[in-house]
Trainee: 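The structure's right below; bear with me while I get my questions together.
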Amino acid sequence: MNIRLRSAVQTLLLTSLAFARGLQAQTLQTPVLHPSGNMFRPLATPARLVSDLSELTVVICLSVFVIVSGLLAFTIIRFGWREGDSRSEPPQVYGSNQVEIAWTVIPILIVFVLSMSTARVTAAVQNHTIPKDALYVTVIGHQWWWEFQYPDYKITTANELHVPLSTMAQPKLTSLTLKSADVSHGFWVPQLAGKTDVIPNRTNTMWMDPEETGIYLGNCSEYCGTQHAKMEVRVIVDTPEDFDKWVKQQQALAAGSDTTQPDANRDAFLASPCIVCHAVNGTSAMGAIGPDLTHLMSRQTLLAAETPNNAANLRDWIKDPQRLKPGNKMPTAQLTDTQLDQIVTYLTTLK
Ligand code: CUA
């Protein structure tokens, strides 16, 4: 392929990938380092193993295609019937040991190479020893959002998974335990690891060792109902120092949760039906059905990364949850405008 054609094809591919990620992702205010979720640019060991295997498979299959279709085209052109040829049937050839052996042995070799390479990659990903100092996170798929629990740090958050960077000098592996609260989901962040199913009444595991800091986009990869397509996940890879800071910040209570200080907005929130499903550490809100709101404003997005997290979007969302994400499980609370304003004002203090 000449260089111009190749760059045109690359641009087209990247543009369609970016487009497929949704335009909303492009309008977020925070810098996004890995905006396309480009699976052709793996940035962690499991993703690289899968990507290398796919490349090998594609190269082998393409070679078979080119050789077979090339031979076919050559035969048609070179030996096809021409004006002046006899109309009688050509001599029929049957049985050539060399040809029979060649087209039996070569496919067997190809199947052998592909199955062995697949088995090797599967084993390398599945049997990888998880070091003792790994970060453990429990991922729970919900219709239609992700819950992340950090049992060692007693942190619960949603939709934005913070993990530390892993370098040669300072390797740090993240081990994920995947569970579902309802139906089957699929956890897939293409640049970090292959897809893993998230299945009710079953625990799956996966791991990742991200090599670059930044935000990685992923999505639920198993149809799970109306808003399956809007079940995005963002993995935020922090430097070890930033990750420690994030942990400390998440463990602390939010300023607005200091119940020794009077706060009419907080009272409005605690008197609302919101607390049946949502929790804010330090307060009487202890619902465990919806996302934990303890540090809601530390997240950049709302509704599983569908819309930027700000007061206006929060208000829209609470006022009519079915407008932004039809079919979702959040009920519409009967709130007056004053109550709505108070609740939104309170939520924005949860930094
Ligand atoms: Cu969750 Cu699709």
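Counting begins at 1 with the first residue of the sequence. Numbering of ligands and ligand atoms starts at 1, following listing order.
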Trainee: I would like to know whether Lys195 and Glu222 meet salt bridge (charged side-chain N to carboxylate O under 4.0 Å, His left out); could you show each step before the answer?
Mentor: CA-CA 9 Å; Lys195 294 175 188 177; Glu222 176 98 25; over 6 Å; no
Trainee: Who else is in the cluster with Leu293 when I, L, V, M, F, W and Y are joined by side-chain contacts under 4.5 Å?
Mentor: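 So far as hydrophobic clustering goes, Leu293 is joined with Phe269, Leu270, Ile275, Val280, Leu296, Met297, Leu302, Leu303, Leu314, Trp317, Ile318, Leu324, Met330, Leu335, Leu340, Ile343, Val344, Tyr346, Leu347, Leu350.
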Trainee: Hey, are Lys154 and Gln251 close enough side-chain-wise for a donor-acceptor pair under 3.5 Å?
Mentor: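 Their side chains do not contain a donor-acceptor pair, so the 3.5 Å distance test is not met.
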Trainee: Quick one: does Gln191's side chain get under 4.5 Å of Met39's, heavy atoms only?
Mentor: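 Counting from C-beta outward, Gln191 and Met39 never come under 4.5 Å.
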Trainee: If you leave out waters, which protein N, O or S atoms are less than 2.8 Å from atom 2 (Cu) of ligand 1?
Mentor: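 Result, waters dropped: Cys220 SG, Glu222 O, Cys224 SG, His228 ND1.
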Trainee: Can you pull out every side chain to side chain donor-acceptor pair (under 3.5 Å) where at least one residue sits in residues 76-88? Sequence neighbours excluded, please.
Mentor: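 Every side chain to side chain donor-acceptor pair (under 3.5 Å) pair that includes a residue of residues 76-88, provided the two are not neighbours, is Ser86-Ser88.
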Trainee: Can you pull the side chain to side chain donor-acceptor pair (under 3.5 Å) pairs that have at least one residue in residues 127-136, sequence neighbours excluded?
Mentor: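 Applying side chain to side chain donor-acceptor pair (under 3.5 Å) to every pair that reaches into residues 127-136, excluding sequence neighbours, yields nothing.
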